[in-house]
Amino acid sequence: MKNILIVDDQERIRRAFSRILQGAGFKVMEAAGAVAAYDILNRNPIDLVLLDIKMPEVPGDILNDVAGIFHRNVKIVVCSVYPVDEQRLLVKGADDYFDKSDGPNALLKKVKEVLWTVKS
Amino acid sequence: MRFHSIRFKTNLLYSGILLIIFVIYNFAIFFTVKANLVKEFDGQLKVKADAIYNFLQAYNQNRRPSSFPFDQLSSFFREDVFLNNKARIDQLWRSQFEALGLKNDYIVVRTMDGQVLMRSLEQADMPQEVMERHFGFSPAETFFKDITSYGHRFRIANIPYYGQPSPLVVQIASSSDHIYHFLDKLLAAGLLFMAVALLFTSFLGNIFVKRVLAPVMMITDMANNITHRDLAVRIPDKHTDAEIRHLIGSLNAMIERLQMSFSHVSEFNSHVAHELKTPLAIIKGEMELMAGSGKIDEDTARMLSDSMSEIDRMIKITQDLLLLAKIDYRPQVLKFVPLDIALFLKEIYEHSVILAAEKNIGIKLDCPLTGLTVCVDKVHLRRLFLNVVANALRHSPPGAAIEIVCRREGASARVDIVDHGAGIPPSDIDKVFNKFFRGDSSGEEGVGLGLSIALSIARAHQGDIAVANTPGSGATFSIFLPLAA
């Protein structure tokens, strides 16, 4: 069973994504902010983080920080309401990008793709 | 140079001032010099008249008064007349005659009652009749005056002598041409100098004013060319005068305020994106979960499905508006890289074939160009082409074909996307790029922003899109992109 961490300040988004992912058999944990996310990542073996970013405040090298501090083998999907093209330009190096307005079904598909792809 | 320009007016002002000063100066010089020359000339005439009178008195004293032969001395002033006269008189007169240059003057000697005692021989330019008509006569006072005879100017002196035994009036006319020649030359030189000086100052002044005003022209150019796309520029204020520097400072401050406003607008857009799309994402999430829960009946499922497609539409509109705002107000987010147009169109073609398959529409690509590159932001250029293709697909009947034709046109690549639908009504052809404009046949598909976005993207690439109805049927959208140098 894969462990997924959802980092998002919107409780309803976390709930909707969590339900669809749990329905598909994943173990899901939720964090509303960076501190909580840090805590969970330190105590639990997480396979994938769904990381909400708020552009344009987010610094472009945030993922280096995240990857540097936490497990090297954790996969990160940047997950926000901005178009995927813009996310990709702003935050480099994530395993994938997701536009939250595509809905939970599309998210489930993306999560499966990312988890079953071997990191090159 | 226009008449209503600071340059012209400044030039006119100091040229005018200079002209007035010159004219006054020239006149003052002219009249002072003239007065002095005439006074000096009159003095010379007086000297001559004195000499003549003294001579006549001397002559008279050598004869008895009764035999004073004035009436026989019409040729008195001719040199040869005196050759046989008494040696003393002769010597006196000859020396006076030579020294005073009397040979060229016209001399009349009268008694106090005006009767002519004797006169000079006539000369070509001073006939007796003309000269004496102008002389006038006064036994009571000395006077001088100017006359003109046969194009020559003469100065006339009328000088009475009251010495006994024979008081006389000596009248003498002498050419004053040389004075007026000199004055003419003086005037001409003054005018010439004035003209040259005026031209010179006008020329220098023009250059000076042009230099002073050059920053104004530069500011005008920059202000004319500033758009929201390049608000980062500032007008340089080096090497300018204090007044101009104030102006530049004010303009730069204004541009800075505009820049801040625009950056607020684009930040605002970003926040709007987040604030609008987050609830839409939540609604969509909840609806998908509800639809997948299996706890709803058929009616609810249908209503849910309708609502979800509307939510999708709202998400699409929000995204499109933000994209438009981004391209129009933050074009710096576009990343331009060189791209082979033929390879790019092949990608567009492959993507279009998949989109067109649903409606059984064929896509044809005609691109014989090789090795031509355009400098583009690929992500957005893709969006441009797919938007135009999607528009063509929307207006094509099932089974029709869409052609993508690429040609070089001057320094641009021209890509025609040709459909065979109903074409665009002439009344609508100007509106197809307007935001939220939807043709009649577009039905529920599309929100009317696709072509606006396409045009904005083309313009951000210094390109353009033109639209025309295809002869026969359908419409042709021509996309122009400047080729990379």
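By convention in this document, chain letters (A, B, ...) are assigned in the order of the sequence lines, proteins followed by strands, and residues within each chain are numbered from 1.
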Rounded distance (nearest 0.5 Å) linking atom CG of A:Asp102 with atom CG of B:Asp312: 8.5 Å
Between the CD1 atom in A:Ile13 and the CD atom in B:Glu286, the distance rounded to the nearest 0.5 Å is 8.5 Å
CA sep, side-chain torsions, deciding dist, call: A:Ser101, B:Gln319, side chain to side chain contact (heavy atoms under 4.5 Å, CB included): CA-CA 10 Å; A:Ser101 51; B:Gln319 277 171 345; 3.8 Å; yes
Where do B:Glu288 and A:Gly103 come nearest, in terms of heavy atoms and distance? OE1-C, 3.6 Å
Applying side chain to side chain contact (heavy atoms under 4.5 Å, CB included) to B:Lys284 and A:Lys100, what does each step give before you reach the verdict? CA-CA 9 Å; B:Lys284 185 166 170 168; A:Lys100 279 195 279 190; over 6 Å; no
More than 12 heavy atoms of other groups within 6.0 Å of A:Arg15 CZ: yes
For B:His461, ring-ring contact (aromatic ring centres under 6.0 Å, His included) partners two or more places apart: B:Phe336
For the interface with chain A, which of B:Ala281, B:Pro279, B:Gly292 has the highest count of heavy-atom pairs at distances below 4.5 Å? B:Ala281
Residues in ring-ring contact (aromatic ring centres under 6.0 Å, His included) with A:Phe98, at least two apart? none
What part of B:Ile282 gets within 4.5 angstrom of chain A, counting heavy atoms only: side chain, backbone, both, or neither? both
Please state whether the side chain, the backbone, both or neither of A:Asp99 comes within less than 4.5 Å of a heavy atom of chain B. side chain
With sequence neighbours left out, the residues meeting ring-ring contact (aromatic ring centres under 6.0 Å, His included) with B:Phe262 are B:His228, B:Tyr329
Could you list which of residues 16-28 of chain A have a heavy atom closer than 4.5 Å to any heavy atom of chain B, in residue-number order? A:Ala16, A:Arg19, A:Ile20
Quick check on B:Met314: does its CE atom have over 12 non-hydrogen neighbours (other residues, nucleotides or ligands) under 6.0 Å away? no
